[in-house]
Peer 1: 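Could you have a look at this structure, given as structure tokens, before my questions?
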Amino acid sequence: MREHLLAVDVGTGSARAGVFNLSGRQLARCVVPISVHHSLPNHMEQDSDEIWAAVCTAVRAALLESGISAETVLSIGFDATCSLVVRDREGKPISVSATGSPGLDTILWMDHRAIAEMETCNATPDPVLDRFGGRLSVEMQIPKLLWLKTHRPDIWATCGQIFDLCDYLTWRASGSGERSHSALASKWGYTPEAPGGPPLDYYRKIGLADVMERAGLPSHSTPPGQAIGTLTAASAAELGLDEQCLVAPGLIDAYAGTVGLFAAGVRPEASLSAEAVLIAGTSSCIVRLSREPVSGPGCWGGFRDAAVAGLWLTEAGQSASGAFLDHILKLHPAGGTPMKARHRAILDAISQHLAEEGADFGLPITVLPDLHGTRSPLSDPLLTGTIAGIGLDQSLVSLHKLYWRSCVALACSIRLIIEHQPHRAGVPRQLLLAGGLAEHPLLSQLYADATGCDVWVPKDCDAVLLGCALHAAVAAGAFSSVEEAGTSMQFAMAHFPPSPRRQAALARDHTLLKAMMRHRDELAALASSPDQTSAPLHQAR
């Protein structure tokens, strides 16, 4: 009897595999690191063969740990970041790296090489832009594709298959050329309701008239709720499974987390407009679900059926959150290697400081965390961050202060994004939180206090993997809907109510964040104006 599910989540720096039963219990979980290569400034690349090898290693290790046999696995699901995998007509990798390294065929989601192409796309009026808050992001696939055609026509001429990473994984697993609605609607501009079709007129207007052939794109996207095939003999052998295992359509990673939290997380009942999902990892994604489309500046969507069949999805967020905290550790002399254990040790120490010194710990340090641009409320990849109030102190305590004030800035930025979401989205009272930044209770409480929402966090459950497994179960026919699957695969959630006392202190920090944003604009205006006059240096002193 096939009563188990496999879920694979590929993030920026690792591939994770989880084994679940049809009751939602996680039987095993394995994480395997993957590399990120920086060939030039703003160029970030990966090796899709390395990613697939990491997936296979993680799956085989999780199967071994779980103790189950391959013959009991009903289906496998894949979710991933929206990175772009470039292959030729025979399916072989094509290097997209300035180094020419043959394996580097994947442009990472956070790669910013296509800024100029993004501006070209956004200067071309078309209804497609309305579904992305009026502006495509450099993180999406259309600007990256235009960059390839413009800067590397030699590559473009040999392309035959270009994938969103989640679709590459299902192709490696099943051999199927079907592409998921989750990726095509939210990153490629396909029409928002599944099965969606390509925006051929827009592709033509921006110079991508031949993209359907070069990328091997289908005429329609594959909706959730149906399998795209079974494992090939080769992939079954690599994964340690059998050829009867069904393969679900791929998911964008944040949307897999949304499925898990929305459908299976146990919390008080609330309307769709009163809830938001926050997947806080390398970047942070705020996801709203609704019964009608919601769109507006600084939002991507709405897309129907991109996560849950029949529901519309709208996304906003931060381009760097966990990546920003990693950067803080790398910058500070006392930082150390940004591993999970290091982050936890620092947060434990900060908890003690806060208990002894109160809410003012870390002041006067003030942080604007947009080191990799922003998605919301203003979509601008060129915006930068600022740190004010630091001195020459290089002690461990000075690191704790800087780290904490960085966390406060990230949380206040989430509040700002929520406040600027379209009115039709509603005001959330409950925030369902998952991802790396949800793993320490101090940060969960911080998000509650900063947003004024009741925060709910999974207990002993990887919500992204479970959401991917739940999606795979529905695609395999084990359940008739996401909602039915969620009822069977429920997991407990920890509750973090907002503290009125801490909310008062964070109101000041929210004001500081907005002041930093104003000062950034003022400084940018001064720096860009050659007519500005200033006193000689000795007079300024």
Side-chain angles (χ1 to χ4, degrees), residues 41 280 282-284 318-374 380-417 436-437 440 442-443 445-447 449-450 502 504-528 534 537 540-541:
T282 302
S283 65
S284 288
Q318 298 164 324
S319 293
S321 47
F324 174 58
L325 295 178
D326 284 349
H327 191 69
I328 291 296
L329 291 188
K330 293 174 185 176
L331 282 178
H332 197 283
T337 304
M339 304 294 287
K340 182 181 292 187
R342 182 62 177 149
H343 286 288
R344 175 167 287 278
I346 290 171
L347 288 166
D348 287 344
I350 291 170
S351 298
Q352 186 64 34
H353 288 304
L354 291 169
E356 295 171 355
E357 302 179 41
D360 288 347
F361 176 71
L363 287 172
I365 297 173
T366 307
V367 178
L368 184 59
D370 302 330
L371 266 66
H372 202 57
T374 64
D380 188 345
L382 295 177
L383 288 180
T384 56
T386 308
I387 299 173
I390 59 173
L392 294 178
D393 186 0
Q394 297 184 359
S395 68
L396 186 58
V397 172
S398 75
L399 169 64
H400 296 162
K401 291 179 178 179
L402 176 58
Y403 191 100
W404 174 241
R405 296 300 296 167
S406 298
C407 292
V408 168
L410 288 170
C412 288
S413 178
I414 291 295
R415 171 184 161 179
L416 186 69
I417 293 168
L437 301 192
H440 198 285
L442 180 62
L443 294 185
Q445 187 63 56
L446 174 60
Y447 281 113
D449 297 335
R502 282 290 301 138
L506 283 162
R508 168 204 58 201
D509 295 314
H510 190 59
T511 301
L512 287 171
L513 178 72
K514 291 190 285 187
M516 293 279 278
M517 295 172 70
R518 291 194 303 271
H519 295 327
R520 176 177 60 192
D521 292 343
E522 292 167 2
L523 291 170
L526 287 170
S528 64
S534 60
L537 186 59
R541 288 176 180 170

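Any value given below was found using the heavy atoms of this structure, including those in side chains, with hydrogens, waters and symmetry copies removed. FYI, the numbering just counts along the sequence from 1. The shown structure was predicted, so the numbers you read here are calculated from the model rather than taken from an experiment.
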Peer 1: Measuring from Leu392:CG to Gln394:CD, what's the distance to the nearest 0.5 Å?
Peer 2: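 That separation rounds to 7.5 Å.
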Peer 1: Ignoring hydrogens, what is the shortest heavy-atom contact between Asp380 and Leu382? Give both atom names and the distance.
Peer 2: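 Here Asp380 and Leu382 meet closest at OD1-N, 2.9 Å.
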Peer 1: To the nearest 0.5 Å, how far apart are NE2 in His440 and OG in Ser351?
Peer 2: 4.5 Å
Peer 1: Are the side chain of Arg405 and the backbone N or O of Ile365 linked by a donor-acceptor pair below 3.5 Å?
Peer 2: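 Flag set: sc Arg405 to bb Ile365 pair under 3.5 Å.
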Peer 1: State the CG-CZ distance between Leu442 and Arg344, to the nearest 0.5 angstrom.
Peer 2: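 Between Leu442 CG and Arg344 CZ, I get 10.5 Å after rounding to 0.5 Å.
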Peer 1: Please name all residues satisfying ring-ring contact (aromatic ring centres under 6.0 Å, His included) with His327, sequence neighbours left out, ordered by chain then number.
Peer 2: none
Peer 1: Salt-bridge test for Arg415 and Asp509: reply yes if a basic N is under 4.0 Å from a carboxylate O, no otherwise.
Peer 2: no
Peer 1: CG of Leu368 to OG1 of Thr384: how many Å apart, nearest 0.5 Å?
Peer 2: 7.5 Å
Peer 1: I'd like to know if the side chain of Ser406 and the backbone of Leu402 have a donor-acceptor N/O pair within less than 3.5 Å.
Peer 2: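 A pair under 3.5 Å: yes.
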Peer 1: For Arg502 and Leu446, indicate whether the former's side chain and the latter's backbone hold a donor-acceptor pair under 3.5 Å.
Peer 2: no
Peer 1: What is the minimum heavy-atom distance between Ser319 and Gly373, and which atoms define it?
Peer 2: CB-O, 3.8 Å
Peer 1: Could you go through the side-chain contact (heavy atoms from CB on, under 4.5 Å) check for Val367 and Val408 one step at a time?
Peer 2: CA-CA 8 Å; Val367 178; Val408 168; over 6 Å; no
Peer 1: In sequence, state the C-alpha distance, the side-chain angles, and the governing distance for Glu357 and Leu363, and then conclude on side-chain contact (heavy atoms from CB on, under 4.5 Å).
Peer 2: CA-CA 11 Å; Glu357 302 179 41; Leu363 287 172; over 6 Å; no
Peer 1: Go through the structure and list residues passing ring-ring contact (aromatic ring centres under 6.0 Å, His included) with His519, not counting sequence neighbours.
Peer 2: none
Peer 1: Quick one: side chain to side chain contact (heavy atoms under 4.5 Å, CB included) partners of Ala349, sequence neighbours excluded?
Peer 2: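 For Ala349 the side chain to side chain contact (heavy atoms under 4.5 Å, CB included) partners, ignoring immediate neighbours, are His400.
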Peer 1: Do Met516 and Arg520 come close enough that some side-chain heavy atom pair is under 4.5 Å?
Peer 2: no
Peer 1: Provide the closest heavy-atom pair for Phe361 versus Trp404 in the form atom of the first, atom of the second, distance.
Peer 2: O-CD1, 3.5 Å
Peer 1: Rounded to the nearest 0.5 Å, how far apart are CE of Met517 and OG1 of Thr374?
Peer 2: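 If I round to the nearest 0.5 Å, the distance is 7.5 Å.
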Peer 1: I'd like to check the side chain to side chain contact (heavy atoms under 4.5 Å, CB included) partners of Ala280; sequence neighbours left out, ordered by chain and number.
Peer 2: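 Only Leu278, Ser284, Leu433, Leu437, Tyr447 meet the side chain to side chain contact (heavy atoms under 4.5 Å, CB included) criterion with Ala280.
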Peer 1: Identify each donor-acceptor pair in which a side-chain atom of residues 329-339 lies under 3.5 Å from a protein atom, sequence neighbours left out, and give them as a table.
Peer 2:
from: His332; atom 1: ND1; to: Ala334; atom 2: N; distance (Å): 3.0
from: His332; atom 1: NE2; to: Ser398; atom 2: OG; distance (Å): 2.8
from: His332; atom 1: NE2; to: Leu399; atom 2: N; distance (Å): 3.4

Peer 1: Taking Gln318 for the side chain and Leu410 for the main chain, is one N or O donor matched with an acceptor at less than 3.5 Å?
Peer 2: yes
Peer 1: Roughly how far apart are Ser321 OG and Asp326 CG, rounded to 0.5 Å?
Peer 2: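 The distance works out to 9.5 Å.
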Peer 1: If I compare all heavy atoms of Pro369 with all of Leu513, which pair ends up nearest, and what's the gap?
Peer 2: CD-CD1, 4.0 Å
Peer 1: Check the orientation of Tyr403 and His343. Use parallel for under 30°, tilted for 30 to 60°, and perpendicular for over 60°.
Peer 2: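 Correct class here is tilted.
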Peer 1: Taking only Lys NZ, Arg NE, NH1 and NH2, and the carboxylate oxygens of Asp or Glu, determine whether Asp393 and Lys401 approach each other closer than 4.0 Å.
Peer 2: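 Here Asp393 does not pair with Lys401 in a salt bridge, since their nearest N and O are not under 4.0 Å apart.
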Peer 1: With a 4.5 Å limit on heavy-atom distance, are the side chains of Ile346 and Leu325 in contact?
Peer 2: no
Peer 1: Holding to ring-ring contact (aromatic ring centres under 6.0 Å, His included), I want the full list of residues that pass it with Phe324, two or more places apart in sequence or in another chain.
Peer 2: none
